[in-house]
Amino acid sequence: MKILILGGDGFCGWPTALHLSKKGHDVTIVDNMSHRQIDVQLEVSSLTPIATMSERLSAWKKVSNKKISYIDLDIAKEYDRLLSMLKNDKPEAIIHFAEQRAAPYSMKSSKTKRYTVDNNVNATHNLLCAIVEADLDAHVVHLGTMGVYGYGWSGSAPIPEGYISVKVETPEGELSREILHPANPGSVYHMTKTLDQLMFAFYAKNDEVRVTDLHQGIVWGTQTPETILDERLINRFDYDGDYGTVLNRFLMQAAVGYPLTVHGSGGQTRAFIHIKDTVRCIEIAINNPPKRGDKPHIFNQMTEVHKVIDLAKLIGKLTGAKIDHLENPRKEADKNDLVVENRQFLALGLQPTTLSKGLMTEVEDVAKKYISRVDKTKIPSTSLWRVK
Ligand code: NAD
Ligand code: USQ
């Protein structure tokens with residue numbers, strides 16, 4: 001299959017590009033390198049030494065004898081180039097990772113809030129609009145987030161996969177409807193993902209664009225069977241206070257002897273998935289496309305649910321790391337219940353990589369190996385949800 005990977009230089013996009021290329025697909029990466037530019041702006045770098053795109057692609061050619069193409073394009077700003085690319089390349093599937101994805105970065109200042117909205121909303125809308133203008137029947141697979149549902153809205157009731165059944169009282173009697181689960185974003189970044197959902201619903205209804213929206217939990221881990229083949233293929237590992245996500249941050253903090261940075265009590269319960277499973281889920285999604293005229297297919301892309309404090313205690317037990325309870329920089333519930341439906345991926349054959357199988361590998365093979373690259377001053381989360 002001819003596949004475009006928007007955001008294919010990123011943490012989820014790069015291993016996905018390699019996996020799909022290995023499976024024999026004709027892969028083209030599109031990325032404007034904005035995450036690498038934000039690294040420079042924030043004076044942070046990936047814990048792992050990530051190679052340039054041309055080094056990455058030539059290393060892949062060498063180890064696999066397969067070619068991945070690369071186009072440097074800003075999909076939020078360069079509509080005409082995006083349109084010509086779709087008309088010329090005619091991809092059958094388009095995997096859309098190309099958004100600003102850090103909640104703390106999105107809450108840092110009015111500049112980063114506005115950048116996140118401009119970038120993410122325009123990226124998604126330009127893509128949908130260009131697919132229609134190019135008269136292309138490509139399947140869009142978008143990386144959404146579990147955070148669109150919010151936390152605690154429905155108590156301990158399981159979060160369904162995208163849609164919820166409601167009953168409405170009318171003078172003529174009760175009506176039953178299936179609607180998008182109410183959106184309850186916890187950051188400007190998460191808000192952009194709830195806006196994406198409405199754009200998908202509209203373009204699926206109006207133009208019969210085929211969309212699968214993957215509501216993904218927090219991704220942990222670094223390597224996949226392909227990124228491990230050569231050091232120049234290594235995946236990125238963000239550990240800084242803006243882009244680092246909780247479990248990978250704890251693993252790296254344990255390796256350098258930094259007390260684990262639990263926000264508040266750590267009663268926040270979140271959904272998780274290993275990067276190896278992210279890549280497999282995307283392959284499953286492209287192999288099971290919606291039909292024209294279907295409403296967007298929504299899958300909850302997660303495999304496990306944990307409380308932040310339980311993760312910290314588990315890592316503390318395995319490594320001897322101490323735990324620090326910090327004042328929470330975010331505005332979020334101090335504790336919440338979370339039960340998530342993920343039957344669709346399991347039914348389609350996903351076999352989850354569990355925490356118990358991967359935690360220590362990550363500490364030993366990644367965090368400890370690149371310990372000399374750590375800048376401990378970049379660990380604290382300084383982005384505040386409340387304006388002082
Ligand atoms: P990432 O920042 O590492 O990758 C995103 C890539 O998109 C970057 O390489 C960036 O340069 C590129 N990009 C951003 N805006 C662009 C634009 N306008 N034009 C072209 N390229 C652009 O992030 P990631 O962790 O790989 O996340 C990928 C997607 O998955 C995001 O949409 C994110 O919301 C979603 N997601 C990530 C996680 C996670 O834990 N990492 C969890 C759930 C959902
Ligand atoms: N947290 C800590 N200590 C830390 C970092 C985070 O206690 O050092 C807490 C946060 O306060 C929060 C939870 O851990 O309660 C998760 O934070 P996170 O940074 O790991 O995840 P989040 O900000 O939600 O964002 C990440 C990705 C985002 C994706 C989302 C999936 O950056 O792209 O959409 O996970 S989800 O959380 O399911 O919405």
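Both counts, for ligands and for their atoms, begin at 1 and track the order of listing. Numbers here are sequence positions counted from 1.
Other residues, nucleotides and ligands contribute more than 12 heavy atoms inside 6.0 Å of the NZ atom of Lys2. In this structure, Arg292 places its CZ atom where more than 12 heavy-atom neighbours from other residues, nucleotides or ligands lie under 6.0 Å away. The number of heavy atoms from other shown groups lying within 6.0 Å of CD (Glu327) does not exceed 12. At most 12 non-hydrogen atoms from other residues, nucleotides or ligands lie less than 6.0 angstrom from CZ of Arg114.
The aromatic rings of Tyr149 and His181 lie perpendicular to each other, with more than 60° between the two planes, well past the 30° mark.
Of all protein heavy atoms, the one lying nearest to atom 12 (C) of ligand 2 is Glu332 OE1, 3.5 Å. Given atom 27 (C) of ligand 2, the protein heavy atom at minimum distance is Thr245 CG2, 3.8 Å. Ranking protein heavy atoms by distance to atom 21 (O) of ligand 2, first place goes to Ile218 CD1, 3.7 Å. For atom 20 (O) of ligand 2, the nearest protein heavy atom (residue, atom name, distance) is Val246 N, 2.7 Å. Ranking protein heavy atoms by distance to atom 3 (N) of ligand 2, first place goes to Thr261 O, 2.6 Å. For atom 39 (O) of ligand 2, the closest non-hydrogen atom of the protein is Thr145 OG1, 2.7 Å.
Taking each heavy atom of Asn342 and Asn300 in turn, the nearest pair found is CB-O, 3.7 Å. Minimum interatomic distance between Lys167 and Glu174 (heavy atoms only, all atoms of both residues): CD-OE1, 3.0 Å. Residue Thr269 comes nearest to Leu338 through the heavy atom pair O-CD2, 3.6 Å, listed as atom of the first residue, atom of the second, then distance.
Residue Met146 holds the heavy atom nearest to atom 38 (O) of ligand 2 of all those in Lys193, Gln100, Lys307, Met146. Around atom 7 (O) of ligand 2, the closest heavy atom drawn from Met302, His263, His215, Gln253 belongs to His263. Across Gln301, Arg270, Gln268, Arg330, heavy-atom proximity to atom 22 (P) of ligand 2 is greatest for Arg330.
Under the 4.0 angstrom criterion for non-hydrogen atoms, Tyr189 is in contact with ligand 2. Residue contacts with ligand 2: His190 is included, with a non-hydrogen atom under 4.0 Å away. Heavy-atom distances between Phe11 and ligand 2 stay at or above 4.0 Å for every pair.
Close approach of ligand 2 to Ala103 (heavy-atom distance below 4.0 Å) involves ligand atoms 23 (O). Near Gln216, the atoms of ligand 2 lying under 4.0 angstrom from a non-hydrogen atom of the residue are 31 (C), 38 (O). For ligand 2 and Gly217, the ligand atoms under 4.0 Å from any heavy atom of the residue are 31 (C), 38 (O). Within the listing of ligand 2, atoms 36 (S), 38 (O), 39 (O) sit less than 4.0 angstrom from a heavy atom of Gly147. Near Val308, the atoms of ligand 2 lying under 4.0 angstrom from a non-hydrogen atom of the residue are 7 (O), 14 (O).
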Give every pair made of an N or O atom of ligand 1 and a protein N or O atom lying under 3.5 Å apart, one pair per line with both atom names and the distance to 0.1 Å, or write 'none'.
residue, atom, partner, partner atom, Å
ligand 1, 2 (O), His35, ND1, 2.7
ligand 1, 3 (O), Phe11, N, 2.9
ligand 1, 3 (O), His35, ND1, 3.1
ligand 1, 9 (O), Gly10, N, 3.3
ligand 1, 9 (O), Asp31, OD1, 3.3
ligand 1, 9 (O), Asp31, OD2, 2.7
ligand 1, 11 (O), Asp31, OD1, 2.7
ligand 1, 11 (O), Ser34, N, 3.0
ligand 1, 11 (O), Ser34, OG, 3.2
ligand 1, 11 (O), His35, N, 3.0
ligand 1, 13 (N), Ser34, OG, 3.4
ligand 1, 15 (N), Asn119, ND2, 3.1
ligand 1, 18 (N), Asp74, OD1, 2.9
ligand 1, 18 (N), Asn119, OD1, 2.8
ligand 1, 19 (N), Ile75, N, 3.1
ligand 1, 21 (N), Asn32, N, 3.2
ligand 1, 21 (N), Asn32, OD1, 3.1
ligand 1, 25 (O), Arg101, NE, 2.8
ligand 1, 26 (O), Phe11, N, 3.2
ligand 1, 26 (O), Cys12, N, 2.8
ligand 1, 32 (O), Phe97, O, 3.3
ligand 1, 32 (O), Lys193, NZ, 2.8
ligand 1, 34 (O), Tyr189, OH, 2.6
ligand 1, 34 (O), Lys193, NZ, 3.0
ligand 1, 36 (N), Gln216, NE2, 3.4
ligand 1, 40 (O), Val219, N, 2.9

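Ile275 forms part of a hydrophobic cluster together with Phe11, Val219, Ile273, judged by ILVMFWY side-chain heavy-atom separations under 4.5 Å.
Summarising the geometry, atom OH belonging to Tyr151 is positioned 13.0 Å from atom CG belonging to Asp337; distances are rounded to the nearest 0.5 Å.
Here the two rings, on Phe97 and His142, have centers that are 6.0 Å apart or farther. You'll find the ring centres of Tyr105 and Tyr243 inside the 6.0 Å limit.
Within the 4.0 Å heavy-atom criterion, both parts of Arg101, backbone and side chain, lie near ligand 2. Contacts between Tyr151 and ligand 2, counted as non-hydrogen atom pairs separated by less than 4.0 Å, involve the side chain only.
Using a cut-off of 4.0 Å between Lys/Arg side-chain N and Asp/Glu carboxylate O, Arg270 and Glu332 are scored as salt-bridged.
Judged as a ring-ring contact (aromatic ring centres under 6.0 Å, His included), not a single pair has a partner in residues 50-69 (not counting sequence neighbours).
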Can you give the donor-acceptor pairs under 3.5 Å from side chains of residues 27-34 to other protein atoms, not counting sequence neighbours?
residue, atom, partner, partner atom, Å
Asp31, OD1, Met33, N, 2.7
Asp31, OD2, Gly8, N, 3.4
Asp31, OD2, Asp9, N, 3.0
Asn32, OD1, Ser34, N, 3.0
Asn32, OD1, Ser34, OG, 2.8
Asn32, ND2, Asp74, OD2, 3.3

